[in-house]
Chemist: 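Sharing a structure below in structure tokens format, with a few things to ask.
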Number of protein chains: 2
Amino acid sequence: MTTRWLTPKEQRAWRAYMAATNLLEDAIDRQLQQDAGMPHLYYGILANLSEEPERKLRMTDLAQKAKITRSRLTYAVTRLEKDGLIRREDCQWDKRSSFAILTDEGMAVLERTAPGHVETVRAAVFDHLSDEQVEQLEEISSVITRALEGDESAPHPPSDKLPWRRRSSSPCSGS
Amino acid sequence: MTTRWLTPKEQRAWRAYMAATNLLEDAIDRQLQQDAGMPHLYYGILANLSEEPERKLRMTDLAQKAKITRSRLTYAVTRLEKDGLIRREDCQWDKRSSFAILTDEGMAVLERTAPGHVETVRAAVFDHLSDEQVEQLEEISSVITRALEGDESAPHPPSDKLPWRRRSSSPCSGS
DNA sequence: GACGCTTGGTTAAAGTTTGAAACAAACCTA
DNA sequence: TAGGTTTGTTTCAAACTTTAACCAAGCGTC
């Protein structure tokens, strides 16, 4: 089958998109590293926990919510635990499971740094988009997500790798 | 100053965007690792070189084009050089500079794997977007890029770090 | 109740990224 | 033209990610 190359217009859009995401991810990582002493992914883990009723989540559930691998989460939680922002607790019912729990200190860090984070996102994105563009962004993003999540053709990751996975996500709900 | 949290609409857009980019990055990385034996970033470096008249670019220019740090580029080029896909060459005029040059083998790898890559991008993105949406995506991306590149307020990275630069993500929408 | 499969979580090793510092060549400028 | 600064690149250590095991607890079954 002959390749359906991208049209010039699609190419321009693709390049612009890649450039923007690279710059954005970097800016956010830098800001959070600066102000919160952790990369965006770690901030996202704390944020995810903060949204839970008891600020706790089983490791696997947390990994799914944050869309990262379990091993990556293990590493991150170990670090955050050392920092005193999270603590682990064994599950009573299922002795295999363990919870990650956001400590008061972790919550405090989140509350202290959320404003700066939001400000960064605003300054980079939403302060420059019209109302319609915000809608367009959501719609386009949703289309892409659907295309990728609906895709069961992808050879199912051996075991650790979740089918969708990764990089961070996670909002500071609370705030 | 009181924090200007994201509106519900902005939050939705932000989360959708983050989810999409996470999934997309992952899908592309997996596909390229599979078919070309390298992550997207490395493929991008080869692709950038292939567009040059002589398939060569000074390290710094390449870093800027690919929007990555110079140290990251050094590492990547070292690896690609080992693989025989790129070779270095010293610059005559400015003896501090060095070029990265795409070898014939590198070009061959690119040509062999480009169709699969394009197909992945199409399947995930462009096959599902209308003509207007492609335009919107470019426009929105450009706005973000301008916001981040034009920003000279950011405390200029000591040295290595470019003012804009890269990687992961995930914010706390305002909530 | 032993065998086998699945699930929750961690670990180890190899690969990659970061951030700061080191170097050397090129560029002022007095 | 000596001395100081900027520019182009690399290096190094520490932090992080990935992949592929690995272990132990639950689950089902014969």
Side-chain angles (χ1 to χ4, degrees), chain A residues 22 25-30 32-34 37-45 57-64 66-83 88-100 155-162 165-168, chain B residues 22 25-26 29-30 32-34 37-45 57-64 66-83 88-100 155-163 165-169:
Chain A
N22 283 341
E25 285 186 359
D26 218 34
I28 291 176
D29 259 349
R30 199 161 54 246
L32 280 176
Q33 190 67 54
Q34 176 76 230
M38 65 184 80
H40 194 193
L41 178 74
Y42 290 49
Y43 178 91
I45 289 172
L57 224 38
R58 289 186 330 146
M59 292 295 278
T60 292
D61 296 335
L62 182 50
Q64 298 214 128
K67 291 179 169 39
I68 59 178
T69 56
R70 284 177 288 130
S71 91
R72 200 180 181 187
L73 179 62
T74 293
Y75 181 90
V77 168
T78 300
R79 197 266 229 192
L80 291 169
E81 196 174 24
K82 275 196 185 82
D83 295 347
R88 287 182 218 248
E89 191 173 279
D90 289 345
C91 176
Q92 292 306 317
W93 338 321
D94 188 337
K95 291 194 173 171
R96 290 167 304 180
S97 309
S98 67
F99 287 103
H156 246 190
S159 67
D160 191 18
K161 194 89 161 180
L162 310 176
R165 264 219 346 156
R166 335 203 9 205
R167 284 280 142 63
S168 45
Chain B
N22 285 341
E25 262 268 342
D26 218 35
D29 261 346
R30 205 162 47 246
L32 280 176
Q33 190 66 56
Q34 178 74 233
M38 65 184 80
H40 191 196
L41 178 73
Y42 291 45
Y43 179 90
I45 289 171
L57 224 37
R58 287 185 331 148
M59 291 295 278
T60 290
D61 296 336
L62 183 50
Q64 299 218 68
K67 286 169 172 51
I68 60 178
T69 57
R70 300 195 290 280
S71 88
R72 201 181 182 186
L73 178 63
T74 293
Y75 180 89
V77 167
T78 300
R79 199 265 231 191
L80 291 169
E81 197 174 24
K82 274 195 186 83
D83 295 347
R88 287 180 217 250
E89 190 172 281
D90 289 345
C91 175
Q92 292 306 318
W93 337 321
D94 187 336
K95 292 195 174 169
R96 292 168 302 180
S97 309
S98 67
F99 287 102
H156 244 186
S159 64
D160 189 16
K161 198 84 161 181
L162 308 178
R165 273 214 3 172
R166 330 192 6 167
R167 235 297 118 71
S168 66
S169 69

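If you're wondering where the values come from, they're calculated on a predicted model, not measured in any experiment. So you know, we letter chains A, B, ... as the sequences are listed, proteins then strands, and number each from 1.
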Chemist: Closest heavy-atom contact between B:R79 and B:M38?
Modeler: NH2-CA, 4.0 Å

Chemist: Which is more 5' along DNA chain D, the nucleotide nearest B:F99 or the one nearest A:D94? Just name the residue.
Modeler: B:F99

Chemist: Expressed as a whole number of angstroms, how long is the span from A:R96:CZ to C:dT6:C1'?
Modeler: 8 Å

Chemist: Could you pull out the closest heavy-atom pair between A:M59 and A:V77, with the gap in Å?
Modeler: CE-CG2, 3.9 Å

Chemist: Rounding to an integer number of Å, can you tell me how far B:R70 CZ sits from C:dA21 P?
Modeler: 15 Å

Chemist: Closest to the A:M59 side chain: C:dT17, C:dG9, D:dC16?
Modeler: C:dG9

Chemist: How many Å lie between CZ on A:R72 and P on C:dA13, as a whole number?
Modeler: 22 Å

Chemist: Between B:H40 (NE2) and D:dT18 (C1'), how many Å, whole number?
Modeler: 18 Å

Chemist: Would you kindly give the CG-to-C1' distance between B:L73 and C:dT16, to the nearest whole Å?
Modeler: 14 Å

Chemist: Both A:S98 and B:P39 contact DNA chain C. Which one's nearest nucleotide lies toward the 5' end?
Modeler: A:S98

Chemist: Which comes earlier along DNA chain D counting from the 5' end, the contact point of A:Q33 or that of B:Q33, where each point is its nearest nucleotide?
Modeler: A:Q33

Chemist: Let me know the distance between NZ of B:K82 and P of C:dA14, rounded to the nearest Å.
Modeler: 15 Å

Chemist: A:T74 near the nucleic acid: base, sugar-phosphate alone, or nothing, with a heavy-atom cut-off under 4.0 Å?
Modeler: base

Chemist: To the nearest Å, how far apart are A:K95 NZ and C:dT7 C1'?
Modeler: 17 Å

Chemist: Does a nitrogen or oxygen in the side chain of A:S97 sit under 4.0 Å from OP1 or OP2 of C:dT7?
Modeler: no

Chemist: Tell whether B:S71 reaches the base of C:dT17 with its side chain through a donor-acceptor pair below 3.5 angstrom.
Modeler: no

Chemist: Among D:dT10, C:dG9, C:dT10, find the nucleotide with the atom closest to the side chain of B:R88.
Modeler: D:dT10

Chemist: What is the separation between atom OH on A:Y75 and atom C1' on C:dT17, rounded to the nearest whole Å?
Modeler: 12 Å

Chemist: Please determine if a side-chain N or O atom of A:Y42 lies less than 4.0 Å away from the OP1 or OP2 oxygen of D:dT17.
Modeler: yes

Chemist: Return the CG to CD1 distance between A:N22 and B:I68, rounded to the nearest 0.5 Å.
Modeler: 9.0 Å

Chemist: B:P39 and B:Q33: which non-hydrogen atoms are nearest, and at how many Å?
Modeler: N-OE1, 3.5 Å

Chemist: So, for A:C91 and A:F99, which heavy atoms are closest and what is the spacing to 0.1 Å?
Modeler: CB-CE1, 3.8 Å

